Chemist: 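Submitted below is the structure of interest, expressed as structure tokens.
Not measured: the values here are computed from a predicted model.
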Amino acid sequence: MSITRQRTVGGGSHHVLDYLKRMQAENPAFFYAVQGDIDHVGGNIFWADATSRMNYSYFGDAVILDTTYKINQYRVPFASFTGFNHHGQPVLFGCALIFNESESSYIWLLRTWLHTMSGRHPVSITTDFDPIIQVAVAQVLPPTRHRFSKWSIFKENRGKLAHLCQSHPTFETEFRKCVHESETIDEFESCWHSLLERYYVMDNEWLQSMYNARQHWVPVYLRDSFFGEMSLNDGNECLNFFFDGYVNASTTLQLLVRQYENAVSTWHERELKADYETTNSSPVLKTPSPMEKQAASLYTRKIFMKFQEELVETLANPATKVDDSGTLTTYRVAKFGENQTSQIVTFNSFEMKASCSCQLFEYSGIICRHILAVFRAKNVLTLPSHYVLKRWTRNAKTGVLLDEHSSELPSSSRESTTMRYNNLRQEATKYVEEGSKSIQTYHVAMKALQEATKKVSTLKNKSTGTAEGPSIANGGRSELLTGDEDVPSYQSVAEKQKKIRELTAELETTNQRCEVYRANLLAVLRDMEEQKLKLSVKVQNARLSLKE
């Protein structure tokens, strides 16, 4: 039976809707949808701007659905879809206001969001622990690995086991240690049962339900899936990275729009700064390894630092051969003096592929020190291409990134009209962003768009049929989407010419915005250089004073 929770929120939803309508009028790639009647309890709203949709094509392999408003008793039922960009920074994939917390509402939300993102299923999704959301994810995203936030589990744990935690203050610490530090499934199972026996809670219903759901939240069961986090024990301790400090329990609907824009602007500027630092500075290399030099040229600064950490650790983690059966060789890798915590690496010399029992690469997309130690022993001097995920590189935002996980996406989605429509729209948006960076690229992009329009129009005139109707109108009210519905196709030359005019206007507007961002960024960088120079002078003067 469907569970329903309804929230009574003061006025302000129409303020949000007016904002969404205005944004959609300014930019046709801005999408929003409304479920039900917003004037009464039961209406829900979803929206995603053009940048969110484009970012999903690059970084949508690991998604976080943040609904901490339910746990933290926010005044506004604000939810967000986020992920991580190539700098490891939070990136936005869409937002929602959930006034009616029912299974049908979350099914509508996930289907609408998935539809907006070209029907591409993520590899993984992390959510707060909630049976309603669990049902919705299972129905809409069956091939996606679903993880519960440990933060929500631990928070729920403190409530459900308050009496136990008060009478045994060490229980929570040992509980967390069991979850975080178990290296293998057998180790976790043994630790868990020992913990329950030691505190005489073998029959506790809450702990039993958490054990039954262990494959959705205990790290050792999740390492074989990609979650885009730097460490195996990172970890979803809190989900609201993107809006942390912008949306909280006191935020009203009237204030939400402003805080939403502030957060989007701030993270965009931080990404620009990280891009600048990656492009215009070289990291300090710590080894003579050609592999380190290769990685420094491929990865963004933050990802390279993580790779470098793993590479340097190979010096203290030698690989010892334990079995050799032709093309497959097995190694034990352990830190000096810590053989009890060794990892097993299997290396295929023919395919230049290795698998490690720690599964860091599968989980984070960054190769682990154990495989690197085996590469060192086998004299593998450069990273094989299959160990360099494009999503972590300097060139992450070129082409369609999710092809890295294409085998994990449903073929029916990839072949649909929705997919073609959204892929074309994403490419057009990239023209807008790249073409607006300078007057030269503007003219090149404009000429390419005009030539493409002529070719498409010619082909259209030769065609005798058109694609059939829409599944959901941008800005319209909708009920539950089915998985097979398509978006509308443009059906006349006049409509195509109108689209070109809209894109032209968008190019000009975006160019102005980019110039403002560029000017602000350069001003900040100049200020930083001036501060560094002043500090250097002060240090020099201080040294001279000491000598005197």
Chemist: Check whether Asp128 reaches the backbone of Thr67 with its side chain - one donor and one acceptor, N or O, closer than 3.5 Å.
Modeler: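 Here the side-chain-to-backbone pair exists.
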Chemist: Checking Glu309 now: which residues fulfil side chain to side chain contact (heavy atoms under 4.5 Å, CB included) with it, not counting sequence neighbours?
Modeler: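 Expected list: Lys306, Arg369.
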Chemist: Just verifying a value: how many Å separate Asp61 CG and Phe227 CZ, rounded to the nearest 0.5 Å?
Modeler: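 Asp61 atom CG to Phe227 atom CZ measures 11.0 Å (nearest 0.5 Å).
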Chemist: How long is the straight-line distance from CZ of Arg147 back to OG1 of Thr127, given to the nearest 0.5 Å?
Modeler: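 Here the interatomic distance stands at 10.0 Å.
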Chemist: Answer yes or no: is there a side-chain heavy-atom contact under 4.5 Å between Leu65 and Val137?
Modeler: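 A side-chain contact under 4.5 Å is absent here.
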Chemist: Name all residues meeting the side chain to side chain contact (heavy atoms under 4.5 Å, CB included) criterion together with Phe84; count only those two or more places apart in sequence or in a different chain, and write none if there are none.
Modeler: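 In terms of side chain to side chain contact (heavy atoms under 4.5 Å, CB included), with neighbours along the sequence ignored, Phe84 is linked to Ile64, Glu229, Phe241.
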Chemist: Quick check: Phe243 with Phe78 (ring centres under 6.0 Å apart)?
Modeler: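 Between Phe243 and Phe78, which both carry aromatic rings, the centre distance is below 6.0 Å.
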Chemist: For the backbone of Pro122 and the side chain of Thr144, can you confirm whether one donor and one acceptor N or O come within less than 3.5 Å of each other?
Modeler: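 Checked: pair present.
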Chemist: Would you say Leu207 and Asn157 make side-chain contact, with heavy atoms under 4.5 Å?
Modeler: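 In contact.
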Chemist: Supply the atom-to-atom distance Glu26 CD to Asp49 CG, rounded to the nearest 0.5 angstrom.
Modeler: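 Between Glu26 CD and Asp49 CG, I get 12.0 Å after rounding to 0.5 Å.
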Chemist: Hey, could you give me the CZ/CG distance between Phe307 and Leu383, rounded to the nearest 0.5 Å?
Modeler: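 So the gap between those two atoms works out to 4.5 Å.
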Chemist: Are the ring centres of Phe129 and Phe148 closer than 6.0 Å?
Modeler: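 Yes, ring centres under 6.0 Å apart.
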Chemist: Side chains of Thr116 and Trp47, heavy atoms from C-beta outward: is any pair under 4.5 Å?
Modeler: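 They are not in side-chain contact.
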Chemist: Could you check whether Arg22 makes a cation-pi contact with Tyr19, meaning its NZ or CZ is under 6.0 Å from the centre of the six-membered ring and within 45° of the ring axis?
Modeler: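 Judged by the rule, Arg22 and Tyr19 form no cation-pi pair.
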Chemist: Passes side chain to side chain contact (heavy atoms under 4.5 Å, CB included), Leu17 versus Val34? Steps please.
Modeler: CA-CA 9 Å; Leu17 275 177; Val34 179; 3.7 Å; yes
Chemist: Look at the aromatic rings of His146 and His216 and report parallel, tilted or perpendicular, splitting at 30° and 60°.
Modeler: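 Taking His216 first and then His146, their aromatic rings stand perpendicular (interplane angle over 60°).
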Chemist: If every non-hydrogen atom of Arg158 is compared with every non-hydrogen atom of Arg176, which pair is closest and at what distance?
Modeler: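 Minimum heavy-atom separation between Arg158 and Arg176: NH1-NH2, 3.3 Å.
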Chemist: Closest heavy-atom contact between Phe188 and Ser182?
Modeler: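 The pair with the smallest heavy-atom distance is CA-OG, 3.4 Å.
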Chemist: With the side chain counted from C-beta on, respond yes when Tyr69 and Val247 share a heavy-atom pair under 4.5 Å apart, and no when they do not.
Modeler: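 They are not in side-chain contact.
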Chemist: State, yes or no, whether a side-chain contact exists between Glu313 and Leu372 at a heavy-atom distance under 4.5 Å.
Modeler: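 Not in contact.
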Chemist: Ignoring hydrogens, what is the shortest heavy-atom contact between Leu114 and Arg120? Give both atom names and the distance.
Modeler: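 That would be CD1-O, 3.2 Å.
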Chemist: With a 4.5 Å heavy-atom cut-off, do Arg223 and Leu360 have their side chains touching?
Modeler: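 Arg223 vs Leu360: side chains apart.
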Chemist: Has Glu292 got a side-chain atom pairing as donor or acceptor with Lys286's backbone, closer than 3.5 angstrom?
Modeler: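 Yes: the side chain of Glu292 pairs with the backbone of Lys286.
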Chemist: Given Phe81, which of Phe242, Trp113, Phe59 fulfils the ring pair (Phe, Tyr, Trp, His ring centres under 6.0 Å) condition?
Modeler: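 Per the ring pair (Phe, Tyr, Trp, His ring centres under 6.0 Å) rule, the option paired with Phe81 is Trp113, out of Phe242, Trp113, Phe59.
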Chemist: Report yes or no: does Arg53 contribute a side-chain atom to a donor-acceptor pair with the main-chain N or O of Met117 at less than 3.5 Å?
Modeler: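 Answer holds: no.
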Chemist: Looking only at side chains, do Asn395 and His86 share a donor and an acceptor under 3.5 Å apart?
Modeler: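 Checked: Asn395/His86 side chains show no N/O donor-acceptor pair below 3.5 Å.
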Chemist: Side chains of Thr68 and Asp66 only: does a donor on one sit below 3.5 Å from an acceptor on the other?
Modeler: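 A donor-acceptor contact under 3.5 Å links the two side chains.
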Chemist: Minimum heavy-atom separation for Thr112 to Phe31, with atom names?
Modeler: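 Looking at all heavy atoms of both residues, the closest pair is CG2-CE2, 4.0 Å.
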Chemist: Between atom NZ of Lys21 and atom CZ of Phe30, what is the distance when rounded to the nearest 0.5 Å?
Modeler: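 Lys21 NZ to Phe30 CZ: 13.0 Å, rounded to 0.5 Å.
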Chemist: Under a 3.5 Å distance rule, please check whether Tyr32 uses its side chain to pair with a backbone N or O of Met23 as donor and acceptor.
Modeler: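 A pair under 3.5 Å: no.
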Chemist: Spell out, as yes or no, whether a donor-acceptor pair under 3.5 Å connects the side chain of Ser52 to the backbone of Leu92.
Modeler: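 Yes: the side chain of Ser52 pairs with the backbone of Leu92.
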Chemist: Check the pair Ser225 / Leu222 against side chain to side chain contact (heavy atoms under 4.5 Å, CB included), numbers first and verdict last.
Modeler: CA-CA 6 Å; Ser225 297; Leu222 296 159; 5.9 Å; no
Chemist: Is a side-chain N or O of Ser209 found less than 3.5 angstrom from the main chain of Trp206, in a donor-acceptor match?
Modeler: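 Indeed, once roles are kept as given, a pair shorter than 3.5 Å links the two residues.
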Chemist: Sequence neighbours excluded, which residues qualify as salt bridge (charged side-chain N to carboxylate O under 4.0 Å, His left out) partners of Arg301?
Modeler: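 Applying salt bridge (charged side-chain N to carboxylate O under 4.0 Å, His left out) to Arg301 gives none.
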Chemist: Under 3.5 Å, is there a donor-acceptor pair between the side chain of Lys390 and the main chain of Thr398?
Modeler: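 Side chain of Lys390 to backbone of Thr398, a donor-acceptor pair under 3.5 Å: yes, one is there.
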Chemist: What pairs with Thr252 under side chain to side chain contact (heavy atoms under 4.5 Å, CB included), at least two apart in sequence or on another chain?
Modeler: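 In terms of side chain to side chain contact (heavy atoms under 4.5 Å, CB included), with neighbours along the sequence ignored, Thr252 is linked to Arg75, Gln254, Leu255.
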Chemist: For residues His180 and Lys150, determine if any side-chain heavy atom of one lies less than 4.5 Å from a side-chain heavy atom of the other.
Modeler: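 His180 vs Lys150: side chains touch.
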Chemist: With sequence neighbours excluded, what pairs up with Asn248 under the side chain to side chain contact (heavy atoms under 4.5 Å, CB included) test?
Modeler: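 For Asn248 the side chain to side chain contact (heavy atoms under 4.5 Å, CB included) partners, ignoring immediate neighbours, are Ser250, Thr251.
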Chemist: Do Leu20 and Gln24 come close enough that some side-chain heavy atom pair is under 4.5 Å?
Modeler: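 Contact flag for Leu20/Gln24 side chains = no.
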Chemist: Hey, could you give me the CD/CG distance between Gln359 and Asp224, rounded to the nearest 0.5 Å?
Modeler: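 Those atoms lie 5.5 Å apart.
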Chemist: Mind running side chain to side chain contact (heavy atoms under 4.5 Å, CB included) on Gln35 and Asn100 for me, showing each step along the way?
Modeler: CA-CA 10 Å; Gln35 180 197 30; Asn100 181 10; 6.0 Å; no
Chemist: Ignoring hydrogens, what is the shortest heavy-atom contact between Leu389 and Gly365? Give both atom names and the distance.
Modeler: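 Taking Leu389 first and Gly365 second, the nearest heavy atoms are CD1-CA, 3.5 Å.
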Chemist: Walk me through whether Arg394 and Asp275 qualify under side chain to side chain contact (heavy atoms under 4.5 Å, CB included).
Modeler: CA-CA 8 Å; Arg394 299 165 178 244; Asp275 283 340; over 6 Å; no
Chemist: Identify the heavy atoms of Ile132 and Glu101 that sit nearest to each other, and give their distance.
Modeler: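 Of all heavy-atom pairs spanning Ile132 and Glu101, the closest is CD1-O, 3.8 Å.
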Chemist: Run the side-chain hydrogen bond (donor to acceptor under 3.5 Å, both in side chains) check on Thr266 and Tyr246 step by step: do they pass?
Modeler: CA-CA 10 Å; Thr266 297; Tyr246 296 93; 2.9 Å; yes
Chemist: Applying side-chain hydrogen bond (donor to acceptor under 3.5 Å, both in side chains), run through Lys155 and Ser149 and close with a yes or a no.
Modeler: CA-CA 10 Å; Lys155 187 176 180 69; Ser149 158; over 6 Å; no
Chemist: Please list all pairs meeting salt bridge (charged side-chain N to carboxylate O under 4.0 Å, His left out) that have one or both residues in residues 252-266, counting only residues at least two apart or in different chains.
Modeler: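 As it turns out, there is no salt bridge (charged side-chain N to carboxylate O under 4.0 Å, His left out) pair with a partner in residues 252-266 once direct neighbours are skipped.
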Chemist: Ignoring hydrogens and geometry, is there a side-chain-to-backbone donor-acceptor pair from Trp217 to Met210 under 3.5 Å?
Modeler: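 Checked: pair present.
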Chemist: I'd like to know if the side chain of Arg270 and the backbone of Trp267 have a donor-acceptor N/O pair within less than 3.5 Å.
Modeler: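 No, the answer is negative, given that no donor and acceptor are paired below the 3.5 Å cut-off.
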